[in-house]
Amino acid sequence: SGDRFDVDLTSHIDRAARYRIRFAGIHGEPVEVQWIELLESGDSSPHLIDREKRRKDAFLVSVPELGTTVVVRGRVLGAIAGRILLRREP
């Protein structure tokens with residue numbers, strides 16, 4: 001079971017870089033991402049996303065160039081509602 005998500009991150013990406021995305025319960029509940037897929041311009045791009053070590057809720061995403069759409073989709077467990085936090089890595 002779990003809840004599916006499908007989120008377009010394109011408008012939040014301001015440059016080609018590596019980004020960290022983390023899934024968080026709205027009230028701080030733990031979240032586990034059962035599966036995730038990154039789509040770049042509609043094509044599955046598994047080589048551009050990696051689970052962060054020792055985390056069930058965080059991933060590192062590489063965006064090689066601007067001008068493409070970047071969508072993440074998958075399934076989460078653990079929270080009735082939540083948010084996705086996106087941060088460009090230094």
Side-chain angles (χ1 to χ4, degrees):
S1 87
D3 291 313
R4 288 183 51 92
F5 62 89
D6 191 316
V7 179
D8 187 339
L9 300 175
T10 307
S11 66
H12 304 285
I13 294 174
D14 61 358
R15 67 178 71 159
R18 191 151 170 98
Y19 292 83
R20 180 179 191 255
I21 57 174
R22 187 170 70 84
F23 296 79
I26 201 80
H27 298 291
E29 312 93 322
V31 173
E32 178 181 343
V33 178
Q34 288 187 306
W35 66 270
I36 193 167
E37 180 179 28
L38 181 121
L39 302 172
E40 182 187 27
S41 294
D43 295 325
S44 181
S45 300
H47 61 285
L48 297 179
I49 187 166
D50 294 305
R51 185 178 296 271
E52 194 171 289
K53 289 182 182 2
R54 298 179 300 278
R55 299 294 301 248
K56 295 181 180 183
D57 63 350
F59 297 83
L60 296 173
V61 174
S62 296
V63 178
E65 62 183 273
L66 285 181
T68 61
T69 58
V70 178
V71 173
V72 290
R73 65 182 178 189
R75 185 178 305 275
V76 294
L77 288 175
I80 294 171
R83 58 183 169 240
I84 296 176
L85 308 169
L86 178 70
R87 179 185 76 204
R88 188 175 60 244
E89 291 290 285

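Residue numbers count from 1 along this sequence.
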For Ser41 versus Thr68, what's the shortest heavy-atom pair and its separation?
OG-CB, 3.2 Å
Hydrophobic cluster identity match, Leu60 and Val72, side-chain contacts under 4.5 Å
no
If hydrophobic clusters are built from ILVMFWY residues whose side chains come within less than 4.5 Å, do Ile36 and Val76 share one?
yes
Does Glu40 reach the side chain of Val61, with side-chain heavy atoms less than 4.5 Å apart?
no
Minimum-distance pair of heavy atoms, taken over all atoms of Leu48 and Pro64
CD1-CD, 4.1 Å
I want to check something: taking the side chain as every heavy atom from C-beta on, are Gln34 and Lys56 in contact at a cut-off of under 4.5 Å?
no
For Leu39, the hydrophobic cluster (side chain heavy atoms closer than 4.5 Å, chained through members) also holds Val71
Going from CG on Leu85 to CZ on Arg22, what distance comes out if it is rounded to the nearest 0.5 angstrom?
5.0 Å
Cationic N near anionic O, under 4.0 Å, Arg73 to Glu37
yes
With rounding to the nearest 0.5 angstrom, report the CG to CG distance, Leu86 to Leu9.
5.5 Å
Separation of Arg20 CZ from Asp50 CG (nearest 0.5 Å):
13.5 Å
Minimal non-hydrogen separation, Thr10 against Val70, with atom names
OG1-N, 2.8 Å
Parallel, tilted or perpendicular, as decided by the 30° and 60° cut-offs, for the rings of Phe59 and Phe23:
perpendicular
To the nearest 0.5 Å, tell me how far Asp57 CG sits from Glu29 CD.
12.0 Å
Under a single-linkage definition using a 4.5 Å side-chain heavy-atom cutoff for Ile, Leu, Val, Met, Phe, Trp and Tyr, are Val63 and Ile84 assigned to the same hydrophobic cluster?
yes
Ala79 versus Gly25, closest heavy-atom pair with distance
CB-CA, 3.7 Å
How far does CD of Glu89 sit from OH of Tyr19, to the nearest 0.5 angstrom?
10.5 Å
Distance col, row His47:NE2 vs Ser44:OG, nearest 0.5 angstrom, shows 9.0 Å
Could you tell me if the side chain of Ile26 sits less than 4.5 Å from the side chain of Arg83, heavy atoms only?
yes
Counting C-beta onward and ignoring hydrogens, is there a side-chain heavy-atom pair between Asp14 and Arg88 closer than 4.5 Å?
yes
Exam field: side chain Ser45 to backbone Asp43, donor-acceptor pair closer than 3.5 Å:
yes
Can a salt bridge be assigned to the pair Glu52 and Arg54 using a cut-off of 4.0 Å between side-chain N and carboxylate O?
no
Given side chains that start at C-beta, do those of Val7 and Ile21 come closer than 4.5 Å, heavy atoms only?
no
